[in-house]
Enquirer: 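My structure is below; once you've seen it, I'll send some questions.
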Amino acid sequence: MIPASVCMASSAYFLFLLHLFAFANVAPASGHVYAAPKEKMTHLHFYFHEIYGGPNTTTITVVNPPGNNSFNNFGSIGVGDNMLREGPNPSSKLIGRAQELAVQASLESPAYLSAFNFVFTAGEYNGSSISIFGRAVLTETMERGIIGGTGKFRMARGYTISRLIRRTGTTEIVLVVEYDAYIFHY
Ligand SMILES: *[C@@H]1O[C@H](CO)[C@@H](O)[C@H](O)[C@H]1NC(C)=O
Ligand SMILES: *[C@@H]1O[C@H](CO)[C@@H](O)[C@H](O)[C@H]1NC(C)=O
Ligand SMILES: *[C@@H]1O[C@H](CO)[C@@H](O)[C@H](O)[C@H]1NC(C)=O
């Protein structure tokens with residue numbers, strides 16, 4: 001008697017061959033081969049403005065870890081709809097929104113697991129967006145991956161380099177982060 005496992009293996013091999021021949025026959029007739037469009041690299045430089053607390057807050061803590069209620073504590077989760085501006089000044093031109101989810105995911109000093117959509121609302125990239133994912137430690141120069149995009153940034157990948165350049169206030173904390181985004185896209 002042929003062991004069941006050999007039977008399965010040989011029938012799997014038969015199916016594999018069948019597929020191979022099926023594709024070998026079909027591919028030349030119906031397949032389309034597209035030449036890959038040329039990839040571009042776009043460098044954007046802008047500033048992220050966040051207000052935490054007060055009537056004009058752009059970030060809220062939505063989950064406080066049990067027994068502790070600081071945004072800096074392990075397990076806290078925040079949601080933000082922050083401003084992207086051309087310059088570091090709060091009156092500088094608004095070019096987009098940074099809509100984000102951030103989780104304080106470090107048992108040691110605060111480090112956020114962050115997911116952002118940067119949605120551009122002005123200029124050449126109005127209506128396009130990039131999706132960013134990565135680790136944020138506000139006291140360091142941060143690097144995060146660009147993992148996708150829409151519109152002019154469809155199929156984007158790349159990275160951002162950012163650093164906190166200003167932190168003011170106590171009940172209403174204002175953070176300004178300088179960003180360089182290096183975006184590969186078509
Ligand atoms: C909140 O925003 C409004 C409208 O821009 C402004 O008049 C007000 O001064 C701001 N409040 C604070 C505390 O910044
Ligand atoms: C809350 O967090 C602070 C800062 O991390 C810590 O010093 C304090 O012990 C924590 N309190 C509780 C009840 O866990
Ligand atoms: C961005 O695009 C939207 C939708 O097309 C348009 O309504 C808006 O005026 C544009 N904004 C700027 C600043 O160009």
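These numbers come from a predicted model, not from an experiment. Every number for a ligand or one of its atoms is a count from 1 in the order of the listing.
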Enquirer: If we count only non-hydrogen protein atoms and require a distance under 4.0 Å, does atom 11 (N) of ligand 1 qualify as touching the protein?
Expert: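 Answer yes: something from the protein, a heavy atom, is under 4.0 Å.
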
Enquirer: Among Thr121, Leu94, Asn126, Ile95, which one puts a heavy atom closest to atom 8 (C) of ligand 3?
Expert: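 Nearest option to atom 8 (C) of ligand 3, by heavy atoms: Asn126.
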
Enquirer: In the protein, what heavy atom is nearest to atom 9 (O) of ligand 1, and what distance, to one decimal place, separates them?
Expert: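 The closest heavy atom on the protein side is Asn56 ND2, 4.7 Å.
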
Enquirer: Under the salt bridge (charged side-chain N to carboxylate O under 4.0 Å, His left out) test, which residues partner Asp180, sequence neighbours left out?
Expert: none

Enquirer: So, does Thr61 use its side chain to make a donor-acceptor pair with the main chain of Val63 at under 3.5 Å?
Expert: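 No, Thr61 side chain to Val63 backbone: no donor-acceptor pair under 3.5 Å.
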
Enquirer: What protein heavy atom lies closest to atom 13 (C) of ligand 1? Include the residue and the distance to one decimal.
Expert: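 Checking every protein heavy atom, the shortest distance to atom 13 (C) of ligand 1 gives Glu172 OE2, 3.5 Å.
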
Enquirer: Using the rule that two of Ile, Leu, Val, Met, Phe, Trp, Tyr join whenever any of their side-chain heavy atoms come within less than 4.5 Å, decide whether Leu84 and Ile146 are in one cluster.
Expert: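 Both belong to a single hydrophobic cluster.
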
Enquirer: Are there protein heavy-atom neighbours of atom 4 (C) of ligand 1 below 4.0 Å?
Expert: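 No.
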
Enquirer: Between the side chain of Arg166 and the main-chain N/O of Pro88, is any donor-acceptor distance below 3.5 Å?
Expert: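 Flag set: sc Arg166 to bb Pro88 pair under 3.5 Å.
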
Enquirer: Examine the side chains of Tyr112 and Gln104 and answer whether a donor and an acceptor come within less than 3.5 Å of each other.
Expert: no

